[in-house]
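Right, one structure below, let's go through it.
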Amino acid sequence: MGESYFTRVFELTSKIPAGRITTYGSIADYLALGSARMVGWALNKSFGGETFVPAHRVVNRKGELSGRGHFPTPSMMQELLEQEGVIIDNNKVKDFDKHYWNPSEELA
DNA sequence: CGTTTGACGGTCC
DNA sequence: CGGACCGCCAAAC
């Protein structure tokens, strides 16, 4: 079975610790996908999967919850993050660098 | 099969 | 600091 973009993105995203966040670009860079858009594209398919993928822990470079509109409910992404102790202010992650999780440093 | 569209990111102005 | 522009690559049209 060939590993697709989906599999790699799902596995890495699932390794993000609760209460931590990372960016599309960081994932794309770590997996050498060549484009951060591929990460969002793959995560969009994650909802149909059998395994839950914590896609809410992935935000854009500015710390904005740009993917909230793709969740079952727009408020779900923010609620999940707040449940994990991440403060959301105006659709943006507060203390972004404090919660940031870099796969290249902490996982590698 | 050419064009448009993204859950993005970096540069330029 | 923010808006305009381009590069990125796969899918949808």
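Note that the coordinates shown come from a computational prediction; the quantities given were computed from them, not determined experimentally. Residue numbering restarts at 1 for every chain, and letters A, B, ... go by the order of the sequence lines.
- If you measure from atom OH of A:Tyr30 to atom C1' of B:dG9, you get 21 Å, rounded to the nearest angstrom.
- Counting non-hydrogen atoms under 4.0 angstrom, A:Ala55 reaches a base of the nucleic acid.
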Please enumerate all protein N or O atoms sitting under 3.5 Å from an N or O of nucleotides 2-4 of chain C, with distances to 0.1 Å.
none

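- Taken residue by residue, residues 10-17 of chain A places no heavy atom nearer than 4.0 Å to DNA chain C.
- Applying the side-chain hydrogen bond (donor to acceptor under 3.5 Å, both in side chains) test to residues at least two apart or on different chains, none of the pairs has a partner in residues 40-50 of chain A.
- The stretch residues 57-74 of chain A comes close to DNA chain B through A:Asn60, A:Arg61, A:Ser66, A:Gly67, A:His70, A:Phe71, each having a heavy atom under 4.0 Å from the strand.
- Annotation: salt bridge (charged side-chain N to carboxylate O under 4.0 Å, His left out) contacts involving residues 90-101 of chain A, sequence neighbours excluded, are absent.
- Identified under the salt bridge (charged side-chain N to carboxylate O under 4.0 Å, His left out) test for residues 67-91 of chain A, with sequence neighbours left out: A:Arg57-A:Glu84.
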Under 3.5 Å, which protein N or O atoms sit close to an N or O of nucleotides 5-8 of chain C? Give each pair with its distance.
residue, atom, partner, partner atom, Å
C:dG7, O6, A:Arg37, NH2, 3.1
C:dC8, O2, A:Arg37, NE, 3.2

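- DNA chain B is contacted by no residue of residues 75-83 of chain A, taking any non-hydrogen atom closer than 4.0 Å.
- The stretch residues 41-52 of chain A touches DNA chain C through A:Trp41, A:Lys45, each having a heavy atom under 4.0 angstrom from the strand.
- Applying the side-chain hydrogen bond (donor to acceptor under 3.5 Å, both in side chains) test to residues at least two apart or on different chains, the pairs with a partner in residues 10-22 of chain A are A:Arg20-A:Glu106.
- Within the structure, ring-ring contact (aromatic ring centres under 6.0 Å, His included) pairs that include any residue of residues 46-76 of chain A comprise A:Phe47-A:Phe71 (at least two apart or interchain).
- A close approach under 4.0 Å does not occur between any side-chain nitrogen or oxygen of A:Tyr24 and OP1 or OP2 of B:dG9.
- Partners of A:Thr73 under the side chain to side chain contact (heavy atoms under 4.5 Å, CB included) rule, at least two apart in sequence or in another chain, are A:Ser75, A:Met76.
- The separation of B:dC1 from C:dC8, taken at their P atoms, amounts to 23 Å, rounded to a whole angstrom.
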